[in-house]
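Report on the following structure.
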2 protein chains.
Amino acid sequence: MKDRERAAPKRVTMADVAERAGVSPTAVSLIMNRREGTRVSEDAARRIRAAADELGYRPNLTARALSTQKSHVLGFISDLVTTDRLASGLIRGASQEAKKHGHVLLIAETDGQSGAAEEAFSALTDRQVDGIIYAATRPQSLSIPVRATGGTPVVMLNAVSDDVAGAVIADEYAGAAAIVQLLLDAGHTSNVVILGRSLDQPDDEWLTFAVRRRLNGIWDTLHSAGVVPVAQIPCQPWSVNNGHRGVRDLLDNGIRPGALICLNDRLAFGAYRALTEAGIRPGGDVAVISFDDDDIAVYLDPPLTTAAIPFEAMGAQAVQLLLQRDRVHGQQLVDMPIRVRNSVTIPAQLDLRLTHANDDERSAR
Amino acid sequence: MKDRERAAPKRVTMADVAERAGVSPTAVSLIMNRREGTRVSEDAARRIRAAADELGYRPNLTARALSTQKSHVLGFISDLVTTDRLASGLIRGASQEAKKHGHVLLIAETDGQSGAAEEAFSALTDRQVDGIIYAATRPQSLSIPVRATGGTPVVMLNAVSDDVAGAVIADEYAGAAAIVQLLLDAGHTSNVVILGRSLDQPDDEWLTFAVRRRLNGIWDTLHSAGVVPVAQIPCQPWSVNNGHRGVRDLLDNGIRPGALICLNDRLAFGAYRALTEAGIRPGGDVAVISFDDDDIAVYLDPPLTTAAIPFEAMGAQAVQLLLQRDRVHGQQLVDMPIRVRNSVTIPAQLDLRLTHANDDERSAR
DNA sequence: GACGTAGGTCCTATGGAGGCC
DNA sequence: TGGCCTCCATAGGACCTACGT
């Protein structure tokens, strides 16, 4: 009788239902879960269902988890608290897929500090999550604190790791190949410029496996078509200002691009600015393609044709991987959809075969 | 002995520690939790701590939750799956604050469908969350399915509700007043134009309580200074294209703004474009202020001075509210920081007293 | 003052008691 | 008397705590 501050009406429990239906708690449990092996009389079952209904009974999943060792909760850890919001799609995709399977997401963040990852893993395993998704906002190789894992299955998302088999990442190579092919098919084969990285540039921290694949996709495709770029502009980081500077310098050097392959949308934004300042119309005078499908891609004028990172699909895929009984090993590559917009002029006949990204402007407030 | 598929090494339990230390589980429990009322000998305590350490003992929080009725888990429900990522800061702020208090976030989304909210609340209460944050990506009034709540405390985040007392929202009125005051202090008092909504416009779905407050802040401040706008441009939704059209029409009508108050950053982006096309330099020829501190605000040239929605602070505040023993009622207003950038030219003497937003371009990949 | 026992949290899995043919 | 089907009691699962020694 210590119902002083706990004004909560005390959840109705299995015992309550059992009592009202005049059966044992066991019978209630059997009815509420599996119906196979009908071990309860139809009459009792009816009474139980009725009682559960009237009392508004809902099973206590914590207790169930304790008993079954399955919590139906998945952990989601993201590597660092970034200031941009690119990767929130990962969570969203994962969350929706989890919901489909009756699971729910417990999230934790490693705020960059070392030791934080271990702490995050522990916080989740202590709560008996059935599996953990370890996600990065930028593709990279992460090490996981195996000790803190306690045997809980882990899949990497937008990242890879030597410590674990499953990983879901964007198919950068194929995506790059596809969008460059689109550019070439549209006839933009001369004066091709690559903005963001030069092959002559020494390896550095920015050359992650994902960037490498993206570059390979680009170069292989150009090469297959016998196209040789007239210029490569290295810049680090891939920011608006660097894109702007890069293209401005290019123009100052008297090189006028016919097609511009930007390694991400921010660079493209900067490029647009430099081109416009020089009186060159993006989309009209020069074809532009890019990567990521950042928010700004739609806002640009003309809207940018870009290879999107399929964050939501990747998140969903990670959940599937985790929930599959027979684990698939190795990397799962997810297609990068090409958002066909107007920064590349496309001959009518080719155009018929393309599906254009149809973004009505997203409305705000 | 059914360790067939469950290859997991079986977590070490309190009983294991007790056995190794030669004490009862109770003693272990006492040591692992509260130390007050030293009811265990220092010697035993030492042995217990040693044993726990050697075995790598970690308490099973599921079991603890079952017995204490406190899960140290907070639920986070967001209202609808929006395509933009503005509000991910809410989760981030909440998550970080929760972590500080030894809590963790369980997330659920109501995918817009009716009934989904109830389902989400149930999914969380079934798992014994200690409290629920009900967040909206756009400020609005939401009704909560009280039945499914089961007495679990709820606070609204970036939203309000008639069904619940606590709510955390941005202080739109004060934010608007502050940024308009900044504009006026900088001397931009003539040819003021408001872009986004006209007072003559009839009430509609876009006129949420948040927008109303934002508008009131603007108008009251202008009024106090005796400033009367030369034009108000209604547009719905607040998109880049509408901002562009609005300002272009304005210029076509021969009105040349001296100061432009945009109701959000997307409108501002469109305005920039229209101004630039007309040969007018934003920041130089016309001062521009705005709201939201969207990603694009930094990318613009010149970077946009805007009143930021403090998503992270709001998320943190919601957690605090939830965790406070003595609940504070009513709405918690969170300050909107003014990001002072270069779209408003500021006299040197005033400038000294301002803190400028110092955004080095965020680096990508 | 130091410690153990037993009972409570709620659900599930298993073996076994009882009834019927 | 044995076989079979109903149903239920009991024993966990890992922890906390009131009480008793």
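So that the names make sense, note that chain A is the first sequence line, chain B the second, and so on, each numbered from 1. Side-chain atoms are counted along with the backbone in the values below, which use heavy atoms only and exclude waters and symmetry mates. What you see is a predicted model; the values in this text were computed from it and never measured.
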With B:Tyr134 via ring pair (Phe, Tyr, Trp, His ring centres under 6.0 Å) - residues at least two apart
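Ring pair (Phe, Tyr, Trp, His ring centres under 6.0 Å) check on B:Tyr134 returns B:Phe121.
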Between D:dC15, D:dG13, C:dA13, which nucleotide has the shortest distance from any of its atoms to the side chain of A:Thr68?
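My answer, after comparing the listed nucleotides, is C:dA13.
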Proximity to the side chain of A:Arg64 - top-ranked nucleotide from C:dC3, D:dC16, C:dT12
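Per side-chain heavy atoms of A:Arg64, the pick is C:dT12.
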Is it the case that the side chain of A:Asp126 and the backbone of B:Leu61 share a donor-acceptor pair, with hydrogens and angles ignored and the cut-off at 3.5 Å?
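No, because the side chain of A:Asp126 does not come within donor-acceptor range (under 3.5 Å) of the backbone of B:Leu61.
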Taking [atom1] from [X] and [atom2] from [N], how many angstroms apart are they, rounded to a whole number?
X	N	atom1	atom2	value
B:Arg46	C:dA2	CZ	C1'	15 Å
B:Ile31	D:dT17	CD1	P	14 Å
A:Gln69	C:dC10	CD	C1'	14 Å
A:Leu66	D:dG13	CG	P	10 Å
A:Asn60	C:dT9	CG	P	12 Å
A:Gln128	D:dG13	CD	P	12 Å
A:Lys70	C:dT12	NZ	P	14 Å
B:Met14	D:dT17	CE	C1'	11 Å

Is it true that A:Glu118 and A:Arg147 make a salt bridge, defined as a side-chain N closer than 4.0 Å to a carboxylate O?
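A salt bridge links A:Glu118 with A:Arg147.
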What is the nucleic acid contact for B:Pro59, judged by heavy atoms within less than 4.0 Å: base, sugar-phosphate only, or nothing?
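Touches sugar-phosphate only.
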When we call it a touch if two heavy atoms are under 4.0 Å apart, what does A:Thr13 touch: a base, just sugar-phosphate, or nothing?
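Sugar-phosphate, backbone atoms only, no base.
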With a 4.0 Å cutoff (strictly under), does any side-chain N or O of B:Asn33 reach OP1 or OP2 of D:dC16?
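B:Asn33 to D:dC16 OP1/OP2: side-chain N or O found under 4.0 Å.
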Would you tell me if any nitrogen or oxygen in the side chain of A:Tyr57 comes within less than 4.0 Å of OP1 or OP2 on C:dC10?
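Checking A:Tyr57 against C:dC10: no side-chain N or O falls below 4.0 Å of OP1 or OP2.
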Could you go over nucleotides 6-8 of chain C and give all protein N or O partners under 3.5 Å, atom names and distances?
none

Provide a list of protein-nucleic acid N or O atom pairs under 3.5 angstrom, restricted to nucleotides 19-21 of chain D.
unit_1, atom_1, unit_2, atom_2, d
D:dC19, N4, B:Arg39, NH2, 3.1

Please list, chain by chain and in numerical order, all residues satisfying salt bridge (charged side-chain N to carboxylate O under 4.0 Å, His left out) with B:Glu119, sequence neighbours excluded.
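Partners of B:Glu119 under the salt bridge (charged side-chain N to carboxylate O under 4.0 Å, His left out) test: none.
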Return the set of residues passing side chain to side chain contact (heavy atoms under 4.5 Å, CB included) with A:Arg47 (not counting sequence neighbours), or none when no residue passes.
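If we apply the side chain to side chain contact (heavy atoms under 4.5 Å, CB included) test to A:Arg47, skipping adjacent residues, the hits are A:Ala21, A:Val23, A:Asp43, A:Ala44.
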For DNA chain C, whose closest nucleotide is more 5', that of B:Arg47 or that of A:Ala63?
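Nearer the 5' end of the strand: B:Arg47.
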Counting C-beta onward and ignoring hydrogens, is there a side-chain heavy-atom pair between A:Gln128 and A:Val73 closer than 4.5 Å?
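Contact flag for A:Gln128/A:Val73 side chains = no.
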Side-chain heavy atoms of B:Pro310 within contact of B:Asp335, under 4.5 Å:
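No. Closest side-chain heavy atoms not under 4.5 Å.
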Just how large is the angle between the end axes of the helix from C:dA2-D:dT21 to C:dC21-D:dG2, five pairs per end, to 10 degrees?
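End-to-end axis angle: 70°.
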